[in-house]
Amino acid sequence: MAVPGRFYVTTPIYYVNDAPHIGHAYTTVIADALARWHRLVGDDTFFLTGTDEHGLKVAQSAEERGVSPQAQANANAARFRAAWDELDISYDDFIRTTEPRHHTAVQTLLSAVHDNGDIELDTYEGPYCVSCEAYYQESELVDGCCPIHTGKPVVRLAEENWFFRLSRYQQRLLDWIETDPAAIQPEGKRNEVLGFVRQGLDDVSITRTSLDWGVPVPWAPGHVFYVWYDALINYATAIGYGTEPERFTTWWPHVHHLIGKEIIRFHCVYWPAMLMAAGLDPPHRVHVHGWLLLGGEKLSKTVHGAARLTDIAPARLLDDFGVDGFRFHFLRDQSFGPDGEFSYEAMVARYNADLANNLGNLLSRVTTVVDRKCDGIGPAPRPDSPLAAVAAEVVAATSAAWDAVAPSQALEATWRLIREGNALLEAAEPWKAEPGPDVDGVLGDALEVLRLVAVLASPALPSTTREVFRRIGLDGSPTDRVLPEVAAWGGYPGGRPVEKGAPLFPRIRTDA
RNA sequence: GGCGGCGUAGCUCAGUCGGUCAGAGCACUCGGCUCAUAAUCGAGGUGUCGCCGGUUCGAUCCCGGCCGCCGCCA
């Protein structure tokens, strides 16, 4: 089903009423690093993110501010774009669900489901809170009243809605998940979905008549699609569903959806079922990750006052850590899958240990010694270097981890090469020796370590790895050539001017 | 209430389809080095793998119950 060499990766589209926070950034940085990795290995890659702009909440907050929903959406979508630009997010497309192409795709896809007989008119009946303009489950009520407007009785309301016959897809969903055990990862999340589907599935109401801020239902004037069923289709819109059939079949279903655990049901049940109902294949992979939990009592002055993680804007951390330092924390310190602790202190510790002390300091010491012992001209590595075999292992381990969507493990694997490089220098002590072939060989090896690390870490640290290249005298960028050639030992040519420069990652002091 | 997840070294987390599986990084201690961003290199782990039972020759890993934290419930 999956075509090797083709990688389509998505983030959820973010609800435009939210302000960008580090939870959004977490998913987006990982998607970006995965996209960069796949480009590095030469895959055809398409990386999609965007904003979800319909729904009652957007309409309401626009009304409160006295602006149109579209104006409200425009303003907030721009904030997400700005946040991602600041974080070096290399998206290929930024989709907005209010775009005409998306309306076309939604109407086309759901019309196909309708034509197939799996969307039917039915009556929805249940407790309704007039203040919320929303239905509740009986179980959600508090003493027969709205759980939000406590003390306010709900009314019973019945509404004619269009229902997606999800109940008809139970077996097909089970077949999909059981036939392709890797479709939903990690395994624990897959089991959750299996358990849910096995309980039996109810049909779902997918249209609303109570608001008009949405995609109109083509066969039913006065109805718009409920925001979730419009939003999911963005993944199809962006690759040309309904407008560019050939482009669509190039990318679908070779998709990797990255999602947080709170939206599993939408991505692992409703979305695949909708696709099946429209005659399309379900997604190739859904990668579910946990949440960042706000740990540690204090977040320092930088983020102090943030009671909730969703109050922390990415920009608040960039002054301290830089873009790459920020990215590195989310890729290296959080393992993709389970929940992880977010703390400022941990972020500082990781930055200092891995970026300042290991990578940054290695660059500093090597460039200094090259300056003193080699007149500032970097020598070539030794073909028979003891590090050559290590490098091959590191490349293999790093590749395997990125392919498995395990950025933390990938970076851990890459950092082994840095440690080995530092150990080689300790053993050889070129700063003590007279200039000559031995010193050249060791320093050449160290420069080659830096070159390789710059290549392998480029998905995580796009701008600082370019700077490493520049400092060791290489033209272009670590991503100019693809694996495996670029990762073969001996790529550093030698004879290049090496520049010491300021510390790449200034150590962050924690005293005071 | 229903369904599900988590609870492993000071910290953040891996891992075990039951038998050298008790691990990594950080922190810490000691020693070396001084090219380097007080960086680096080497050595050092005495943790009841949440609690109580059960299955088993043997459980941290399986089963049951309990406690704590968390998520979803259209």
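All chains are named by letter (A, B, ...) in the order of the sequence lines, taking the proteins before the strands, and each is independently numbered beginning at 1. In what follows, every heavy atom counts, from backbone to side chain, and hydrogens, waters and symmetry copies are set aside.
- Side chain to side chain, A:H102 and A:D230 meet the donor-acceptor criterion of an N or O pair below 3.5 Å.
- Note on A:R208 versus A:E160: no salt bridge recorded, every NZ/NE/NH1/NH2 to OD/OE distance being 4.0 Å or above.
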Extract from the structure each pairing of a protein N or O with an N or O of nucleotides 29-33 of chain B at less than 3.5 Å, listing the distance.
from: B:G32; atom 1: N2; to: A:E426; atom 2: OE1; distance (Å): 3.1

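- When the C1' atom is used for both B:C51 and B:G32, the distance is 46 Å, rounded to whole Å.
- For the pair A:F321 CZ and B:U37 P, the interatomic distance rounds to 21 Å; values are reported in whole Å.
- Here B:U37 presents its P atom at 12 Å from CZ of A:R471, a figure rounded to the nearest Å.
- When the P atom is used for both B:G7 and B:U48, the distance is 16 Å, rounded to whole Å.
- When rounded to the nearest whole Å, the span between CG of A:L411 and P of B:A14 equals 16 Å.
- In this model, the phosphate group of B:G25 is not approached by any side-chain N or O of A:R416 to a distance below 4.0 Å at OP1 or OP2.
- Atom CZ of A:F328 and atom P of B:G25 are 14 Å apart (whole Å).
- Among the nucleotides B:A36, B:A74, B:A39, the one closest to any side-chain atom of A:N357 is B:A39.
- Minimum heavy-atom separation, A:P478 to A:A454: CB-O, 3.6 Å.
- Rounding to whole angstrom units, CG of residue A:L166 and P of B:A74 are separated by 13 Å.
- Under a 3.5 Å cut-off, the side chain of A:T367 and the backbone N or O of A:S364 do form a donor-acceptor pair.
- Comparing A:N422 and A:S364 against RNA chain B, the residue whose closest nucleotide sits nearer the 5' end is A:S364.
- Taking atom CZ on A:R507 and atom C1' on B:A36, their separation rounds to 13 Å, with Å as the unit.
- With C1' as the reference atom, B:G47 and B:A24 are 15 Å apart, rounded to whole Å.
- In this structure, A:D203 and A:R332 both approach RNA chain B, and ranking their closest nucleotides by distance from the 5' end singles out A:R332.
- A sub-4.0 Å separation between OP1 or OP2 of B:A36 and a side-chain N or O of A:K500 is absent.
- Within residues 167-177 of chain A, no residue has a heavy atom under 4.0 Å from RNA chain B.
- A donor-acceptor pair shorter than 3.5 Å cannot be found between the side chains of A:N361 and A:R507.
- No option in A:K432, A:K373, A:E434 other than A:K373 meets the side chain to side chain contact (heavy atoms under 4.5 Å, CB included) test with A:V439.
- Under a 3.5 Å cut-off, the side chain of A:Q185 and the backbone N or O of A:V288 do not form any donor-acceptor pair.
- Of the N and O atoms on the side chains of A:H54 and A:Y15, not one donor lies less than 3.5 Å from an acceptor on the other residue.
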Output the pairing pattern of RNA chain B as a dot-bracket string, 5' first, Watson-Crick or G-U wobble with both distances under 3.5 Å, | for cross-strand pairs, [ ] for crossing pairs.
(((((((..((((.....[...)))).(((((.......))))).....(((((..]....)))))))))))).

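- For A:N361 against B:A36, a side-chain N or O and a base N or O form a donor-acceptor pair under 3.5 Å.
- Checking B:A39, B:A24, B:C41 against every side-chain atom of A:R419, the shortest atom distance belongs to B:C41.
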